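Worth saying up front: this structure is predicted, and the values here are computed from it rather than measured.
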Amino acid sequence: MAGRIRTSRLLVLFAVLALAAAWAFAPAAGAQQPAAKKKVLIVWGGWPGHQPKETVDVFAPWLAEQGFDVEISNSLDSYLDAEKMKSLSLIVQAVTMGTITPQQERGLRDAVRGGVGLAGWHGGLADSFRANTEYEFMVGGSWVAHPGNILEYTVNITKRDDPIMKGLADFRMRSEQYYMLVDPGVEVLATTTFSGEVLPAIKDVVMPVVWRKLYGQGRVFNSTLGHVASDFNVMEAKEIVKRGLLWAARVTGDDPKPTNPYRPLLGK
(Lines give C-alpha, C1' and ligand atoms only; values in the text may rest on other atoms or scores of the structure.)
Protein backbone atom coordinates (compact mmCIF):
# COMPACT_ATOMS: atom_id res chain seq x y z
CA MET A 1 0.00 0.00 0.00
CA ALA A 2 2.78 2.41 1.01
CA GLY A 3 4.59 1.53 -2.23
CA ARG A 4 1.57 2.46 -4.33
CA ILE A 5 1.21 5.80 -2.52
CA ARG A 6 4.93 6.53 -3.03
CA THR A 7 4.61 5.68 -6.75
CA SER A 8 1.58 7.97 -7.12
CA ARG A 9 3.44 10.81 -5.42
CA LEU A 10 6.39 10.31 -7.75
CA LEU A 11 4.12 10.40 -10.79
CA VAL A 12 2.53 13.63 -9.56
CA LEU A 13 5.98 15.11 -8.92
CA PHE A 14 7.17 14.18 -12.41
CA ALA A 15 4.04 15.72 -13.93
CA VAL A 16 4.58 18.98 -12.01
CA LEU A 17 8.22 19.10 -13.07
CA ALA A 18 7.28 18.50 -16.72
CA LEU A 19 4.74 21.33 -16.61
CA ALA A 20 7.28 23.63 -15.01
CA ALA A 21 9.85 22.82 -17.68
CA ALA A 22 7.32 23.39 -20.45
CA TRP A 23 6.39 26.73 -18.91
CA ALA A 24 10.02 27.77 -18.52
CA PHE A 25 10.93 27.04 -22.14
CA ALA A 26 7.70 28.31 -23.70
CA PRO A 27 7.93 31.73 -25.41
CA ALA A 28 6.77 34.53 -23.17
CA ALA A 29 3.38 35.95 -24.02
CA GLY A 30 3.80 38.61 -26.66
CA ALA A 31 7.44 37.69 -27.28
CA GLN A 32 8.58 38.56 -30.79
CA GLN A 33 9.11 35.57 -33.03
CA PRO A 34 11.96 35.48 -35.56
CA ALA A 35 10.93 37.31 -38.73
CA ALA A 36 10.21 35.12 -41.72
CA LYS A 37 12.89 35.20 -44.38
CA LYS A 38 12.25 37.37 -47.41
CA LYS A 39 11.70 35.16 -50.44
CA VAL A 40 13.47 35.59 -53.77
CA LEU A 41 12.57 33.84 -57.02
CA ILE A 42 15.34 33.79 -59.63
CA VAL A 43 14.31 32.77 -63.15
CA TRP A 44 16.93 32.18 -65.84
CA GLY A 45 16.88 31.04 -69.46
CA GLY A 46 16.65 32.42 -72.96
CA TRP A 47 19.65 33.00 -75.23
CA PRO A 48 22.63 31.10 -73.78
CA GLY A 49 25.22 33.59 -75.06
CA HIS A 50 24.49 35.80 -72.05
CA GLN A 51 25.40 32.96 -69.69
CA PRO A 52 22.14 33.23 -67.73
CA LYS A 53 22.92 30.42 -65.26
CA GLU A 54 26.50 31.58 -64.75
CA THR A 55 25.45 35.16 -64.06
CA VAL A 56 22.72 33.99 -61.68
CA ASP A 57 25.37 31.96 -59.84
CA VAL A 58 27.26 35.21 -59.18
CA PHE A 59 24.40 36.60 -57.09
CA ALA A 60 22.27 33.71 -55.79
CA PRO A 61 24.73 32.58 -53.07
CA TRP A 62 25.21 36.18 -51.99
CA LEU A 63 21.44 36.68 -51.63
CA ALA A 64 21.29 33.56 -49.44
CA GLU A 65 24.12 35.00 -47.31
CA GLN A 66 22.01 38.14 -46.83
CA GLY A 67 19.27 36.00 -45.27
CA PHE A 68 16.95 35.56 -48.26
CA ASP A 69 15.13 32.32 -48.98
CA VAL A 70 16.29 31.80 -52.58
CA GLU A 71 14.51 29.67 -55.19
CA ILE A 72 16.11 29.23 -58.63
CA SER A 73 14.05 28.17 -61.65
CA ASN A 74 14.70 27.83 -65.38
CA SER A 75 11.01 27.84 -66.28
CA LEU A 76 8.72 30.82 -66.85
CA ASP A 77 5.92 28.62 -65.51
CA SER A 78 7.15 29.74 -62.10
CA TYR A 79 5.19 32.93 -62.78
CA LEU A 80 1.91 30.99 -62.89
CA ASP A 81 1.66 30.25 -59.15
CA ALA A 82 -0.21 33.34 -58.00
CA GLU A 83 0.00 32.58 -54.27
CA LYS A 84 3.72 31.98 -54.39
CA MET A 85 4.29 35.09 -56.48
CA LYS A 86 2.44 37.23 -53.94
CA SER A 87 4.59 35.84 -51.13
CA LEU A 88 7.83 37.03 -52.73
CA SER A 89 9.90 40.08 -51.87
CA LEU A 90 11.91 39.99 -55.08
CA ILE A 91 11.96 38.46 -58.56
CA VAL A 92 15.32 38.33 -60.34
CA GLN A 93 15.08 37.56 -64.05
CA ALA A 94 17.91 36.53 -66.40
CA VAL A 95 16.05 35.59 -69.61
CA THR A 96 17.30 37.17 -72.84
CA MET A 97 14.83 37.30 -75.75
CA GLY A 98 12.53 34.28 -75.74
CA THR A 99 8.76 34.31 -75.54
CA ILE A 100 6.36 34.45 -72.64
CA THR A 101 2.73 33.31 -72.64
CA PRO A 102 -0.03 35.78 -71.73
CA GLN A 103 -0.65 33.81 -68.53
CA GLN A 104 3.02 33.85 -67.52
CA GLU A 105 3.35 37.56 -68.26
CA ARG A 106 0.19 38.35 -66.33
CA GLY A 107 1.51 36.42 -63.32
CA LEU A 108 4.75 38.39 -63.39
CA ARG A 109 3.16 41.80 -63.94
CA ASP A 110 0.46 41.24 -61.32
CA ALA A 111 3.07 40.33 -58.73
CA VAL A 112 5.19 43.41 -59.44
CA ARG A 113 2.18 45.70 -59.64
CA GLY A 114 1.13 44.36 -56.24
CA GLY A 115 4.45 45.23 -54.60
CA VAL A 116 6.99 42.50 -55.41
CA GLY A 117 10.36 43.87 -56.53
CA LEU A 118 11.83 43.06 -59.95
CA ALA A 119 15.52 43.27 -60.84
CA GLY A 120 17.95 42.14 -63.51
CA TRP A 121 20.94 42.94 -65.64
CA HIS A 122 21.95 43.32 -69.27
CA GLY A 123 19.65 41.41 -71.67
CA GLY A 124 18.12 39.26 -68.95
CA LEU A 125 15.60 41.94 -68.03
CA ALA A 126 15.68 44.71 -70.65
CA ASP A 127 15.95 42.48 -73.72
CA SER A 128 13.33 39.90 -72.84
CA PHE A 129 10.11 39.15 -74.73
CA ARG A 130 10.55 41.70 -77.51
CA ALA A 131 6.93 41.37 -78.66
CA ASN A 132 5.50 42.31 -75.26
CA THR A 133 5.17 46.08 -74.97
CA GLU A 134 3.49 46.07 -71.55
CA TYR A 135 6.42 44.06 -70.23
CA GLU A 136 8.83 46.67 -71.66
CA PHE A 137 6.75 49.42 -70.05
CA MET A 138 7.10 47.65 -66.69
CA VAL A 139 10.89 47.37 -67.04
CA GLY A 140 11.31 50.97 -68.22
CA GLY A 141 13.43 50.37 -71.29
CA SER A 142 14.48 47.96 -74.01
CA TRP A 143 17.67 47.12 -75.87
CA VAL A 144 18.07 48.11 -79.53
CA ALA A 145 21.82 47.95 -80.33
CA HIS A 146 25.41 47.65 -79.09
CA PRO A 147 27.44 49.48 -81.76
CA GLY A 148 30.95 48.08 -81.99
CA ASN A 149 30.08 44.98 -79.95
CA ILE A 150 32.82 44.44 -77.34
CA LEU A 151 34.74 47.68 -76.66
CA GLU A 152 36.13 49.90 -73.91
CA TYR A 153 33.84 52.52 -72.42
CA THR A 154 33.25 54.52 -69.25
CA VAL A 155 30.30 54.27 -66.88
CA ASN A 156 29.55 57.59 -65.17
CA ILE A 157 27.83 57.67 -61.79
CA THR A 158 25.10 60.33 -61.84
CA LYS A 159 23.61 59.93 -58.33
CA ARG A 160 26.70 59.76 -56.14
CA ASP A 161 24.88 60.14 -52.81
CA ASP A 162 22.30 57.47 -53.55
CA PRO A 163 22.58 54.30 -51.41
CA ILE A 164 23.07 52.19 -54.55
CA MET A 165 25.92 54.37 -55.80
CA LYS A 166 27.43 55.81 -52.62
CA GLY A 167 31.19 55.51 -52.51
CA LEU A 168 31.52 54.43 -56.14
CA ALA A 169 33.44 56.40 -58.76
CA ASP A 170 33.21 56.37 -62.55
CA PHE A 171 34.71 53.17 -63.94
CA ARG A 172 35.74 51.45 -67.15
CA MET A 173 34.13 48.42 -68.77
CA ARG A 174 35.23 46.24 -71.67
CA SER A 175 31.95 44.77 -72.84
CA GLU A 176 28.89 45.62 -74.91
CA GLN A 177 27.90 49.26 -74.60
CA TYR A 178 24.12 49.03 -74.71
CA TYR A 179 22.07 51.51 -76.72
CA MET A 180 18.61 51.56 -75.16
CA LEU A 181 15.14 52.98 -75.66
CA VAL A 182 14.37 54.28 -72.18
CA ASP A 183 11.24 55.53 -70.45
CA PRO A 184 11.88 59.19 -69.48
CA GLY A 185 9.99 58.50 -66.26
CA VAL A 186 12.72 56.30 -64.76
CA GLU A 187 15.32 57.52 -62.28
CA VAL A 188 18.77 57.24 -63.85
CA LEU A 189 21.67 56.36 -61.53
CA ALA A 190 24.48 55.90 -64.08
CA THR A 191 25.09 56.69 -67.74
CA THR A 192 27.58 56.15 -70.55
CA THR A 193 28.49 58.44 -73.45
CA PHE A 194 29.03 57.09 -76.96
CA SER A 195 32.26 58.27 -78.58
CA GLY A 196 30.97 58.09 -82.16
CA GLU A 197 34.06 56.20 -83.34
CA VAL A 198 31.98 53.23 -84.47
CA LEU A 199 28.88 55.19 -85.49
CA PRO A 200 29.41 58.97 -85.91
CA ALA A 201 25.66 59.63 -85.82
CA ILE A 202 25.55 58.80 -82.09
CA LYS A 203 28.63 60.78 -81.05
CA ASP A 204 28.15 62.29 -77.56
CA VAL A 205 24.82 60.54 -76.99
CA VAL A 206 24.39 60.05 -73.23
CA MET A 207 22.68 56.74 -72.50
CA PRO A 208 21.27 55.42 -69.19
CA VAL A 209 23.13 52.37 -67.87
CA VAL A 210 21.45 51.90 -64.48
CA TRP A 211 17.92 52.96 -63.65
CA ARG A 212 15.04 52.24 -61.32
CA LYS A 213 11.32 52.93 -61.31
CA LEU A 214 7.99 51.88 -59.83
CA TYR A 215 5.48 49.66 -61.56
CA GLY A 216 2.34 49.85 -59.49
CA GLN A 217 3.66 49.25 -55.97
CA GLY A 218 6.69 47.21 -57.10
CA ARG A 219 10.22 48.52 -57.32
CA VAL A 220 12.03 47.78 -60.60
CA PHE A 221 15.82 47.91 -60.91
CA ASN A 222 17.85 47.44 -64.11
CA SER A 223 21.54 47.54 -65.00
CA THR A 224 22.66 47.10 -68.60
CA LEU A 225 26.03 45.75 -67.42
CA GLY A 226 26.71 42.02 -67.29
CA HIS A 227 27.01 40.64 -70.84
CA VAL A 228 28.76 37.55 -69.42
CA ALA A 229 29.57 36.44 -65.89
CA SER A 230 33.17 37.69 -66.07
CA ASP A 231 31.87 41.27 -66.49
CA PHE A 232 31.09 41.11 -62.78
CA ASN A 233 34.79 40.77 -62.07
CA VAL A 234 34.61 44.56 -62.30
CA MET A 235 33.89 45.40 -58.68
CA GLU A 236 31.63 48.38 -59.42
CA ALA A 237 29.45 46.44 -61.87
CA LYS A 238 28.92 43.68 -59.32
CA GLU A 239 28.36 46.02 -56.38
CA ILE A 240 25.75 48.04 -58.25
CA VAL A 241 23.68 44.92 -58.93
CA LYS A 242 24.01 43.71 -55.33
CA ARG A 243 22.77 47.04 -54.00
CA GLY A 244 20.05 47.18 -56.64
CA LEU A 245 18.73 43.78 -55.57
CA LEU A 246 18.45 44.94 -51.96
CA TRP A 247 16.74 48.15 -53.06
CA ALA A 248 14.19 46.33 -55.24
CA ALA A 249 13.43 43.99 -52.31
CA ARG A 250 12.73 47.08 -50.14
CA VAL A 251 15.60 46.32 -47.79
CA THR A 252 17.24 49.69 -48.45
CA GLY A 253 16.50 53.11 -49.90
CA ASP A 254 13.46 55.11 -50.89
CA ASP A 255 11.12 55.00 -53.85
CA PRO A 256 12.57 56.47 -57.06
CA LYS A 257 12.46 60.10 -58.11
CA PRO A 258 12.02 60.20 -61.91
CA THR A 259 14.83 61.90 -63.78
CA ASN A 260 12.53 62.98 -66.67
CA PRO A 261 15.05 64.82 -68.87
CA TYR A 262 12.26 66.53 -70.83
CA ARG A 263 10.78 68.36 -67.84
CA PRO A 264 13.02 71.47 -68.22
CA LEU A 265 11.60 71.91 -71.72
CA LEU A 266 8.12 72.54 -70.33
CA GLY A 267 9.06 76.01 -69.14
CA LYS A 268 10.51 77.14 -72.48
Could you walk me through whether R219 and L214 pass the side-chain contact (heavy atoms from CB on, under 4.5 Å) check? CA-CA 5 Å; R219 291 180 172 185; L214 289 178; 3.9 Å; yes
Testing V220, V116, I42 one by one against I91 for a side chain to side chain contact (heavy atoms under 4.5 Å, CB included), which residue passes? V116
Give the intermediate values and the outcome of side-chain contact (heavy atoms from CB on, under 4.5 Å) for residues E54 and V228. CA-CA 8 Å; E54 293 86 345; V228 290; over 6 Å; no
So, [X] side chain and [Y] main chain: donor-acceptor pair closer than 3.5 Å or not?
X	Y	value
Y153	E176	yes
R113	G218	no
Q93	L118	no
N222	W211	no
W143	A145	yes
N132	E134	no
W47	P52	no

What distance do [X] atom [atom1] and [Y] atom [atom2] have between them, rounded to the nearest 0.5 Å?
X	Y	atom1	atom2	value
I100	D77	CD1	CG	10.0 Å
F232	K238	CZ	NZ	9.5 Å
F171	N156	CZ	CG	9.0 Å
L41	S89	CG	OG	11.5 Å
L80	Q103	CG	CD	7.5 Å

In terms of heavy-atom contacts, does [atom1] of [X] have more than 12 from other residues, nucleotides or ligands at under 6.0 Å?
X	atom1	value
K38	NZ	yes
F137	CZ	no
Q217	CD	no
N233	CG	yes
K39	NZ	no

Using the side-chain contact (heavy atoms from CB on, under 4.5 Å) rule, take F129 and E105 through it: C-alpha gap first, then chi angles, then the decisive distance, then the call. CA-CA 9 Å; F129 324 131; E105 184 189 3; over 6 Å; no
Same hydrophobic cluster for M173 and M235, using side-chain heavy-atom links shorter than 4.5 Å among ILVMFWY? yes
If hydrophobic clusters are built by linking Ile, Leu, Val, Met, Phe, Trp and Tyr wherever their side-chain heavy atoms come under 4.5 Å apart, do M85 and V92 end up in the same one? no
For [X] against [Y], the heavy-atom pair lying closest together:
X	Y	value
P184	P261	O-CD, 3.7 Å
G124	T96	N-OG1, 3.6 Å
V43	S78	CG2-CB, 4.4 Å

Any heavy-atom pair between the side chains of H122 and H227 that's under 4.5 Å? yes
Are side-chain heavy atoms of L168 and K166 found at a separation under 4.5 Å? no
Should the pair F59 and W121 be assigned to parallel (<30°), tilted (30 to 60°) or perpendicular (>60°) ring geometry? tilted
Check residues 189-204 and write down every donor-acceptor pair under 3.5 Å in which the side-chain atom is one partner and the other belongs to a residue at least two apart or another chain.
unit_1, atom_1, unit_2, atom_2, d
T192, OG1, T154, O, 2.8
T192, OG1, Q177, NE2, 2.9
S195, OG, E197, N, 3.2

Could you pull out all residues at least two apart from T259 that satisfy side-chain contact (heavy atoms from CB on, under 4.5 Å)? E187, V188
S175: what forms a side chain to side chain donor-acceptor pair (under 3.5 Å) with it, not counting sequence neighbours? D231
Worked check of salt bridge (charged side-chain N to carboxylate O under 4.0 Å, His left out) between R130 and E136: CA-CA 8 Å; R130 294 175 179 177; E136 293 176 329; over 6 Å; no
Are any of the side-chain nitrogens in D162 or R212 under 4.0 Å away from the carboxylate oxygens of its partner? yes
Is D255 paired with K213 through a side-chain N to carboxylate O contact shorter than 4.0 Å? no
Between H146 and Y179, is any side-chain donor less than 3.5 angstrom from a side-chain acceptor? no
Y135 and L125: CA distance, side-chain angles, deciding distance, side-chain contact (heavy atoms from CB on, under 4.5 Å) verdict: CA-CA 10 Å; Y135 169 85; L125 190 66; 3.5 Å; yes
